[in-house]
Trainee: 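Have a look at this one before I ask anything.
We use all heavy atoms of the structure for the numbers below, so side chains are in, but hydrogens, waters and symmetry mates are not. Sequence lines set the chain letters: A, B, ... in the order given, protein chains first and strands last, and positions in each chain run from 1.
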2 protein chains.
Amino acid sequence: MARAGLTGEVVVDLALEVVDRDGPDGLTLAAVAKLATVATPSLYKHVAGLPELRTLVGVRVMDELTERVTAAVLGHGGVAGLERFMRAYRSYVADHPRRYAAMPQRPSDDPRWAAASDRLVGVLFAQLDGCGLTGSAAVDRARAIRAAVHGFATLEAAGGFQLAEDVDASYRHLTELLTAGLR
Amino acid sequence: MARAGLTGEVVVDLALEVVDRDGPDGLTLAAVAKLATVATPSLYKHVAGLPELRTLVGVRVMDELTERVTAAVLGHGGVAGLERFMRAYRSYVADHPRRYAAMPQRPSDDPRWAAASDRLVGVLFAQLDGCGLTGSAAVDRARAIRAAVHGFATLEAAGGFQLAEDVDASYRHLTELLTAGLR
DNA sequence: ACTCCTTGGCTAAGCATGTTAGCTTTTTGG
DNA sequence: CCAAAAAGCTAACATGCTTAGCCAAGGAGT
């Protein structure tokens, strides 16, 4: 039997494909194996099991998101940079709602997850530093922005904003509130 | 065999007990049945299946939350009322982190869920109305507050705020940003 | 080119869960 | 007091995760 040429990376690639197609709950080893035209147990040569695969998918998504916001922010400081950060964050979720939903909500003690999270938070802190915010003021503002952006994206992807009012406008309003008092 | 005296309500009660003990992923028909000292299929006399049970749990949690914030807000209008709303929301999540995490993120087209969600949002709109906000301004502000509060609670419950800085202070800061410009 | 070892695939089997079907017993209403 | 509805049960099946152990493909060293 010719080999399938799987690696850990490829398995995560296929897992993302499954998530895009079937949603976070559709991510199952059986589905990934089918996509790889491989028997389910074969995946264990590349991944420790379903929980690990979920973690790896989460890390991948977080890194994609970090890449997107980093690109959006390069060369732009101050409030304009923060606005770009927030816009890029939401645009990633809009483009990949199921991937974003596949990110674990639970406390994962996995160091790879913590590292990926730190990378994203690092970008935000850099922008805040560029606005003259440091120390606990920066921490407070970073937490506010993270919470708001994550919450907005989650609710929007879940179809939580039912009213007719323009959601883009609401997001701009949120951005204004969160950048208040910054230069 | 003496009957167990189950009803739909009782099954949801037990499900909440399981969620508090084992987390959202631990919510399984088998676990609930064990707690009820009943065979798993017996639950189907009271609940259509696991997806329905999850929905019912979510509705119950949302209603508990609505009750909590309503009690906190009664008799308090203006910015003070909004502050109480936000404080009460976070305190519920702090008291029942696993229940809150058990609320479905996905678009559930269940009308009971939509109704429960409307009840909570209704409280928020009433408070904003008391602050003189109506129309699209109220919608924008309500979306901002919902997103921020939900995101903050989610991240905090997930252990997302690792830095040493006081999380209470960060939440007060977030509250200030979101009530800016209101009376 | 041959051998050997690592690697990546396989099948078989076990366990947990959700779900359906169909039976029995308890309760309740007339 | 009886009949019907309601609430429990066991049996059986499907799907999914996981472990164990086997076998072939492919490369490294001689």
Trainee: Can you name the residues that form a side-chain hydrogen bond (donor to acceptor under 3.5 Å, both in side chains) with B:Arg87, not counting sequence neighbours?
Mentor: none
Trainee: Verify the neighbour count for atom CD of B:Glu67: are there more than 12 heavy atoms of other residues, nucleotides or ligands below 6.0 Å?
Mentor: no
Trainee: Which letter, B, S or -, goes with each nucleotide of nucleotides 15-21 of chain C from 5' to 3', with contact meaning a protein heavy atom under 4.0 Å?
Mentor: --SSBB-
Trainee: Produce the list of close N/O pairs, under 3.5 Å, pairing protein atoms with atoms of nucleotides 1-4 of chain D; give distances to one decimal.
Mentor:
none

Trainee: Could you state the atom-to-atom distance from NZ of A:Lys45 to P of D:dG21 in whole Å?
Mentor: 13 Å
Trainee: Taking only residues two or more places apart in sequence, or in another chain, which ones meet B:Asp129 in a salt bridge (charged side-chain N to carboxylate O under 4.0 Å, His left out)?
Mentor: none
Trainee: Taking ring pair (Phe, Tyr, Trp, His ring centres under 6.0 Å) as the definition, give me every residue that meets it alongside B:His96, ordered by chain and number, with sequence neighbours left out.
Mentor: B:Tyr92
Trainee: Looking at residues at least two apart in the chain, or sitting in another chain, which of them share a ring pair (Phe, Tyr, Trp, His ring centres under 6.0 Å) with B:Phe152?
Mentor: B:Phe161, B:Tyr171
Trainee: Side-chain N or O of A:Ser42 versus OP1/OP2 of C:dC10: is the shortest distance under 4.0 Å?
Mentor: yes
Trainee: Quick one: is D:dG8 close enough that its OP1 or OP2 comes under 4.0 Å of any side-chain N or O from B:His46?
Mentor: yes
Trainee: Run the side chain to side chain contact (heavy atoms under 4.5 Å, CB included) test on A:Arg99 and A:Val57 for me, step by step, so that the C-alpha distance in whole Å, both residues' side-chain angles and the decisive distance to 0.1 Å come before the verdict.
Mentor: CA-CA 8 Å; A:Arg99 292 190 189 194; A:Val57 165; over 6 Å; no
Trainee: Which residues, if any, of residues 17-24 of chain A bring a heavy atom under 4.0 Å of DNA chain D?
Mentor: none
Trainee: Could you check how far CG of A:Leu53 sits from C1' of D:dT18, rounded to whole Å?
Mentor: 14 Å
Trainee: If you link I, L, V, M, F, W and Y whenever their side-chain heavy atoms are under 4.5 Å apart, who else ends up in the same group as A:Leu74?
Mentor: none
Trainee: Look at the side chain of B:Arg3 and the base of C:dT27, then say whether one donor and one acceptor between them are separated by less than 3.5 Å.
Mentor: no
Trainee: Would you please name every residue forming a ring pair (Phe, Tyr, Trp, His ring centres under 6.0 Å) with B:His150, sequence neighbours left out?
Mentor: B:Tyr100
Trainee: Got a sec, which pairs hit ring-ring contact (aromatic ring centres under 6.0 Å, His included) with one end in residues 53-81 of chain B, sequence neighbours left out?
Mentor: none
Trainee: Go through the structure and list residues passing side-chain hydrogen bond (donor to acceptor under 3.5 Å, both in side chains) with B:Asp95, not counting sequence neighbours.
Mentor: B:Arg68
Trainee: In chain order, what residues pass the side-chain hydrogen bond (donor to acceptor under 3.5 Å, both in side chains) check against A:Arg141, with sequence neighbours excluded?
Mentor: none
